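As structure tokens, the structure follows; a few thoughts come after it.
Values below: every heavy atom of this structure, side chains too, minus hydrogens, waters and symmetry copies. Chain letters run A, B, ... following the sequence lines, proteins first and then strands; every chain starts at 1. Note that the coordinates shown come from a computational prediction; the quantities given were computed from them, not determined experimentally.
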2 protein chains.
Amino acid sequence: MSSIEPSAAGQGRLMASGQRRLRLYVTMGQRLLRDSLLFQILLHDEVELVGESETGVATLNRLKTATPSVLLIEENLQDNDGLTIAEHALAMNPSLSVLLISDTPVSSGRMAIYLEAGIKAVVSKDQPVQELIKTLFYIRNGQVYVGNWQQEPAPAAMLAYQALSGREREVAQLMASRLPVRDIAGRLGVSCKTVHSYKDRIFVKLGFERLPELILFMQRHQHGAAE
Amino acid sequence: MSSIEPSAAGQGRLMASGQRRLRLYVTMGQRLLRDSLLFQILLHDEVELVGESETGVATLNRLKTATPSVLLIEENLQDNDGLTIAEHALAMNPSLSVLLISDTPVSSGRMAIYLEAGIKAVVSKDQPVQELIKTLFYIRNGQVYVGNWQQEPAPAAMLAYQALSGREREVAQLMASRLPVRDIAGRLGVSCKTVHSYKDRIFVKLGFERLPELILFMQRHQHGAAE
DNA sequence: TTAGCGGTGTAGGAAATTCCTACAAGAGTA
DNA sequence: TACTCTTGTAGGAATTTCCTACACCGCTAA
């Protein structure tokens with residue numbers, strides 16, 4: 001069927017950064033969180049979901065056939081605690097990277113216990129999603145992530161705004177209010193392409209990938225970190 | 001600034017469906033859930049986030065200045081319970097539509113209490129995100145949503161697969177595995193445009209809007225509702 | 001039995017978006 | 001002074017999104 005080159009193994013472009021596909025298994029009790037997290041995570045095309053379950057035992061069963069490279073698991077499961085499950089999983093496959101999701105911020109004491117058990121990172125439910133995603137990608141090659149569980153009071157994000165130049169701020173503003181690119185271009189008296197350029201720069205500077213992130217950012221920025 | 005027509009009030013295209021912008025306020029304790037839900041919700045361009053907070057009192061304070069049309073609020077907050085807060089909010093502004101998020105499935109008894117209090121709908125954290133989003137849009141004009149809190153065991157979704165035609169299933173399959181459109185076209189021996197057409201039809205039939213939804217759907221479909 | 005009608009396989013077009021690259025003017029610095 | 005970085009501006013290629021088109025095919029109602 002045609003002589004079309006199958007677009008060279010993998011996605012090329014973005015593939016350069018890390019290793020291969022991140023094979024993910026997710027264990028999380030509540031569907032709402034699991035779903036919305038998954039939608040978020042699956043936006044990244046190097047992630048392959050190899051399985052999911054709601055309970056610890058189900059996870060241990062499936063883990064034999066699914067062969068994830070990363071296990072994202074909640075600390076508190078209905079039938080067990082994530083730590084125990086993770087330990088079993090690690091016993092079966094020591095090269096698995098486990099990211100634990102805890103309900104509350106972790107103390108350094110607990111952190112030590114987790115690391116001891118071979119868990120690669122812990123993210124609490126009080127942290128931003130991006131934090132979780134960043135961590136996920138960070139640990140995927142086996143690295144341990146002992147990042148800012150120290151819970152900085154929302155600094156980086158707001159400081160980032162300072163990094164935007166005047167024109168960039170204007171555009172960020174208008175884009176966050178959902179004004180279509182064409183209108184923004186019209187209002188600023190420049191070409192659409194220029195607006196796109198600003199958009200690109202803004203997204204790079206702030207580390208965003210999609211409009212909702214910017215909207216949320218601007219919203220939070222305006223109504224102060226008062227939040 | 002130039003004589004460019006500001007692309008006719010609003011977004012035209014999609015705007016036809018409901019009323020105007022859905023002005024949303026979100027009260028949710030845990031950042032992780034709040035964030036990921038918001039990213040999801042803000043993907044819909046008729047939603048305007050007018051505020052968010054973590055606690056009940058903060059919400060009541062902000063509600064005076066922000067003027068949401070819909071309040072999405074968790075049942076269990078750190079400082080109060082969502083129901084109480086919602087009642088206060090409704091006392092201030094009776095036209096507000098409140099969507100309560102409960103930790104567990106709601107019994108019909110509780111449901112009655114909620115409706116009594118003027119709450120428009122309740123979604124539990126055990127339900128799929130789309131359910132929440134659907135409900136959100138449903139109640140935005142003031143309608144009450146007493147949908148399937150009866151928790152059907154995942155029927156509709158899987159049945160939907162039946163609705164796909166042969167070719168559509170092939171494409172769905174390949175797309176879910178993240179094969180680029182061009183490669184899918186090559187493999188099936190048709191043009192890219194054709195593949196896009198299949199994609200469109202698949203998304204319409206299943207009611208999806210983005211790739212992650214399809215990926216998740218196919219994953220779940222294959223590994224049976226066993227889940 | 002023939003005229004419709006809806007579903008399926010196929011594809012084209014317009015507009016928008018993503019991801020790069022380009023480049024000149026000013027700011028700052030070695 | 002020469003060099004580099006940032007900012008304002010924009011173009012191009014490949015993709016995507018959203019519509020529309022159209023020929024078949026099978027089924028139904030007159």
Is it true that B:Y25 and B:S69 share a donor-acceptor pair across their side chains at a distance under 3.5 Å? no
Are any protein N/O atoms closer than 3.5 Å to N/O atoms in nucleotides 13-17 of chain D? If there are, list each pair with its distance.
residue: D:dT15; atom: OP1; partner: B:R182; partner atom: NE; Å: 3.3
residue: D:dT15; atom: OP1; partner: B:R182; partner atom: NH2; Å: 2.3
residue: D:dT17; atom: OP1; partner: B:K199; partner atom: NZ; Å: 3.4
residue: D:dT17; atom: OP2; partner: B:K199; partner atom: NZ; Å: 2.2

Of the candidates C:dG12, D:dT7, D:dG11, the side chain of B:S191 sits closest to C:dG12
Is there a donor-acceptor contact under 3.5 Å linking the side chains of A:T104 and A:S124? no
Are A:R31 and A:E54 close enough for a salt bridge, meaning some N to O gap below 4.0 Å? no
Just the rounded figure in Å: distance from C1' of C:dA16 to CE of A:M175. 14 Å
Using side-chain heavy atoms (C-beta onward) and a distance below 4.5 Å, is A:V98 in contact with A:K120? no
Remember a base hit wins even if backbone is also touched, and classify A:T194 as base, sugar-phosphate or nothing at under 4.0 Å, heavy atoms. base
Whole-Å distance between C:dT10 C1' and B:E168 CD? 12 Å
Under the rule for side chain to side chain donor-acceptor pair (under 3.5 Å), what residues qualify as partners of B:Y198, not counting sequence neighbours? none
Rounded to the nearest Å, what distance is computed from the CZ atom of residue B:R210 to the P atom of nucleotide C:dT18? 11 Å
How about A:T67 and A:R23: does a side-chain donor come under 3.5 Å of a side-chain acceptor? yes
Rounded distance in Å - CZ (A:R169) to P (D:dG8): 10 Å
For atom CG of B:D45 and atom C1' of C:dA16, their distance in whole Å: 13 Å
For A:Q219, does its backbone N or O pair with a side-chain atom of A:Q222 as donor and acceptor, under 3.5 Å? no
Please say whether the positively charged group of B:K199, taken as NZ for Lys or CZ for Arg, lies over the ring of B:F203, i.e. under 6.0 angstrom from the six-membered ring centre and within 45 degrees of the axis. yes
Can you work out whether B:C192 or B:A163 has the more 5'-proximal nearest nucleotide on DNA chain C? B:A163
Starting from P on D:dT6, measure out to CD1 on A:I202 and report it in whole angstrom. 16 Å
Under 3.5 Å, which protein N or O atoms sit close to an N or O of nucleotides 21-28 of chain D? Give each pair with its distance.
none

For A:L132 versus A:L99, what's the shortest heavy-atom pair and its separation? O-CD2, 4.1 Å
Spacing between B:I184 atom CD1 and C:dT10 atom P, to the nearest angstrom: 14 Å
Without decimals, in angstroms, what is the distance between B:L188 CG and C:dG9 P? 11 Å
